[in-house]
Amino acid sequence: MGGWAIAVHGGAGVDPNLPVERQAAAKRLLARCLEIGVAALRLGTTAVDVVEMVVRELETDSLFNSGRGSALTARGTVEMEASIMNGRGRRCGAVSGLTTVKNPVSLARRVMDRSPHSYLAFHGAEDFAREQGVEVVENEYFITEENLGMLKLAKEANAILFDYRVPLGVIETCGASAGAVMALDSSIKMNGLPISVYAPETVGCVVVDAHGDCAAATSTGGLMNKKCGRIGDSPLIGAGTYACELCAVSCTGEGEAIIRATLARDVAAVMEYKGLALQSAIDYVMKERLDEGKAGLIAVASSGEVAYGFNSNGMFRGCATEDGFMEVGIWE
Amino acid sequence: MCGGWAIAVHGGAGVDPQLPAERQEEAKRVLRRCLKAGAEALQSGEPAVDAVELVVRELESDPFFNSGRGSVLTRNGTVEMEASIMDGDGRRCGAVSGLSSVKNPVSLARLVMDKSPHSYLAFDGAEIFAREQGVEMMEKSYFITETNVGMLKLAKEANTILVPETCSASAHRMNGLPISIYAPETVGCVAVDRHGRCAAATSTGGLLNKLSGRIGDSPLIGSGTYACRACAVSCTGEGEAIIRATLARDVAALMEYKGLGLQEAVDFAVKERLDEGFAGAIAVSAKGEVAYGFNTVGMFRAYAKEDGSMEVSIWE
């Protein structure tokens with residue numbers, strides 16, 4: 001056994017002009033979450049408990065796009081989704097369309113542990129939340145001034161109806177947005193929006209514990225200005241989240257690209273079926289599965305390795321291993 | 001390179017061994033009819049993605065299996081339908097869940113893929129999109145059949161959805177219910193056209209007596225449905241087992257990453273990925289092959305190939 005290891009992320013695709021204070025705040029948050037995870041791992045907490053605990057922290061903090069601080073739908077509301085997978089037994093739970101549940105990842109955990117199903121969404125998920133007695137709040141709790149501003153910009157850019165999956169040279173640029181430069185350089189646009197307006201900032205955590213068991217969890221408010229009812233990759237097992245005996249993976253970035261790539265499952269499948277080691281598997285899927293899509297992921301292996309990969313402009317991430325290594329980063 | 005077109009359909013894995021003979025015959029008639037419609041489309045040069053949508057629409061419109069009209073009922077006695085479609089040419093996909101008034105869920109999934117910037121829409125949002133797109137909508141009662149109302153009653157009496165498997169032959173219980181009460185009967189279609197393009201589509205009412213809001217494997221890309229350049233796959237059975245197995249993606253991954261042939265990949269996935277779960281899959285390859293596999297008692301299925309071969313079957 002290689003000891004325990006943990007990685008967290010706060011989204012792939014970062015505005016190169018992100019103010020320095022915001023970069024520092026992001027790194028502080030990632031470091032704090034890592035410390036929480038590390039403290040738990042030192043006490044022998046299981047991987048699945050640790051990933052839930054860390055993602056709860058990220059949801060509760062308003063900085064990234066999950067729980068409080070979630071991106072807004074076209075209607076200005078919040079619809080959150082999350083999933084969790086326990087590599088031990090390959091059990092999983094997922095939720096979508098949450099509007100009042102304070103910690104979506106914990107409801108996903110309940111779906112896994114306390115329901116006969118794997119995935120609950122919208123009204124049914126909210127009913128289940130109440131049956132389970134999890135903490136619920138008003139939808140306004142999740143909405144921040146900052147995201148209200150972002151929504152306004154996104155609507156002005158009106159770029160969400162762009163089919164960003166088609167190479168940019170083929171699409172006419174839409175009308176001028178409120179001063180945002182619609183660069184044709186696709187590396188600073190994601191999901192059809194300039195990265196200064198919207199960066200995915202989905203959150204996630206992967207852990208391998210002292211027993212070599214792996215787990216992963218991912219949580220998000222989803223795509224800024226999304227249609228109500230839109231489900232992205234984060235709650236989809238095999239797309240945004242995956243864990244098995246070999247490894248655990250959490251992804252972030254352009255949801256539609258991650259779904260068609262079955263990105264999280266593919267990291268594990270490449271390890272299992274091609275015999276690649278963790279980093280090689282990550283590099284392979286990032287290169288081969290995304291086509292024009294932009295995304296990133298974090299992963300751990302049962303051997304105690306931790307690794308990440310991204311083809312976006314930066315990814316908020318951090319990792320720590322039992323031998324004392326700890327690192328938080330944003331850029332390449 | 002291409003072996004001609006090929007198409008396969010299914011109407012669910014897990015069949016009551018006591019299913020009356022007339023019902024078995026009716027199932028085969030429905031499968032044969034839908035298969036023919038798809039085969040004719042492929043024969044006239046239609047792309048695979050059009051053929052699979054066409055066939056699944058037929059299956060949804062027929063009340064026999066568990067999709068569209070004839071969907072099983074939720075715990076609340078309502079219908080919540082879901083579907084997904086994937087075009088292997090470009091690996092584009094569309095999915096919907098929580099539909100209660102859309103006549104053909106697979107067609108809405110197709111519109112999500114072709115006419116929206118998203119891949120998956122659900123519940124109220126999906127119904128709103130359906131209205132925007134002008135798809136055919138029906139009264140909720142259209143989808144509900146007497147048979148399924150009766151099934152729900154039996155399921156509630158059995159009340160076994162939360163009870164773990166008993167020691168009785170587990171092959172005759174699925175999702176915690178005796179197979180005489182409930183068999184998955186999700187529908188699906190996979191096709192490869194003359195150009196070697198593969199596509200898959202899956203549609204279902206989901207799990208009898210499910211909690212409202214429960215999403216199964218059928219709308220999940222990689223679980224119930226998958227298509228890429230190598231193959232197309234549609235699955236059916238215990239949804240939770242198919243999800244944790246990422247069954248549809250794994251068939252393709254085994255071909256891509258382990259170099260297995262189509263049938264080998266299906267066999268491997270069904271054997272190795274399901275653990276105690278019960279499910280089945282149909283698949284086609286870009287080369288024109290057809291394969292299926294199931295570890296359940298029976299699977300309603302049929303296939304046809306350009307060379308004239310055809311089969312409609314239920315049992316092993």
Side-chain angles (χ1 to χ4, degrees), chain A residues 73 79 85 89-92 94-97 111 115-128 131 160-165 191-192 223 226-233 235-239 242 244 255-256 259-262 264-266 268-270 272-276 289 291, chain B residues 74-76 80 86 90-93 95-98 112 116-129 132 161-163 175-176 207 210-217 219-223 226 228 239-241 243-246 248-250 252-254 256-260 273 275:
Chain A
T73 68
E79 284 179 7
M85 192 159 185
R90 259 190 290 128
R91 293 170 54 248
C92 46
V95 287
S96 281
V111 171
S115 88
H117 303 321
S118 288
Y119 189 7
L120 289 177
F122 293 90
H123 307 300
E126 291 272 322
D127 289 344
F128 179 71
E131 281 169 23
I160 196 66
L161 296 172
F162 240 65
D163 187 348
Y164 56 84
R165 292 165 293 181
N191 292 304
L223 186 55
K226 66 184 178 182
K227 285 179 180 297
C228 287
R230 179 264 189 182
I231 292 176
D233 65 293
L236 305 190
I237 297 301
Y242 191 73
C244 59
E256 281 66 28
I259 290 170
R260 46 189 289 286
T262 53
R265 170 56 184 141
D266 267 53
V270 165
E272 282 178 67
Y273 299 148
K274 268 177 108 63
L276 298 194
R289 297 289 292 164
D291 300 326
Chain B
T74 69
R75 180 165 86 157
N76 306 333
E80 284 175 11
M86 193 161 185
R91 258 192 289 128
R92 293 165 54 246
C93 47
V96 288
S97 282
V112 170
S116 90
H118 302 322
S119 289
Y120 190 7
L121 289 177
F123 290 89
D124 295 342
E127 294 264 328
I128 288 169
F129 179 70
E132 283 169 12
I161 196 69
L162 295 168
V163 170
N175 293 302
L207 184 56
K210 66 185 178 181
L211 289 176
S212 177
R214 179 266 189 180
I215 292 176
D217 64 295
L220 305 190
I221 297 301
S223 291
Y226 191 74
C228 60
E240 281 67 28
I243 291 171
R244 42 187 295 284
T246 53
R249 171 57 185 142
D250 267 55
L254 285 161
E256 286 177 63
Y257 299 147
K258 232 171 143 66
L260 300 191
R273 296 288 292 165
D275 299 328

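In what follows, chains carry the letters A, B, and so on, assigned in the order in which the sequence lines appear, proteins first and then strands, with residues in each chain numbered from 1. Side chains included, hydrogens not; waters and symmetry mates left out as well; all remaining heavy atoms used.
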How far apart are the closest heavy atoms of A:Lys274 and B:Tyr257, and which atoms are they?
CG-O, 3.3 Å
Sort A:Ala121 into side chain, backbone, both or neither according to what part of it lies under 4.5 angstrom from a heavy atom of chain B.
both
Shortest non-hydrogen contact between B:Pro117 and A:Lys227, atoms and distance
CD-CE, 4.4 Å
How long is the span from the CZ atom in A:Arg230 to the NE2 atom in B:His118, to the nearest 0.5 Å?
6.0 Å
Using side-chain heavy atoms (C-beta onward) and a distance below 4.5 Å, is A:Thr262 in contact with B:Thr246?
no
Shortest non-hydrogen separation from B:Arg91 to A:Arg289 and the atoms involved
NH1-O, 3.3 Å
When B:Asp217, B:Asp275, B:Ile215, B:Leu121 are compared by non-hydrogen pairs under 4.5 Å with chain A, the top option:
B:Ile215
Chain B contact via A:Ile259 - which portion, at a heavy-atom distance below 4.5 Å
both
Toward chain A, the part of B:Arg244 with a non-hydrogen atom under 4.5 Å
both
Which atoms of A:Arg265 come close to chain B, meaning under 4.5 Å heavy atom to heavy atom: side chain ones, backbone ones, both, or neither?
side chain
Once you round to the nearest 0.5 Å, how far does CG of B:Asp250 lie from CD of A:Glu272?
7.0 Å
Can you see which heavy atom on A:Ser118 is nearest to which on B:Glu240, and at what distance?
OG-CG, 3.1 Å
Distance in Å, A:Tyr119 OH paired with B:Leu220 CG, rounded so as to fall on 0.5 Å steps:
7.0 Å
Hey, does B:Leu260 have a side-chain heavy atom less than 4.5 Å from the side chain of A:Tyr273?
no
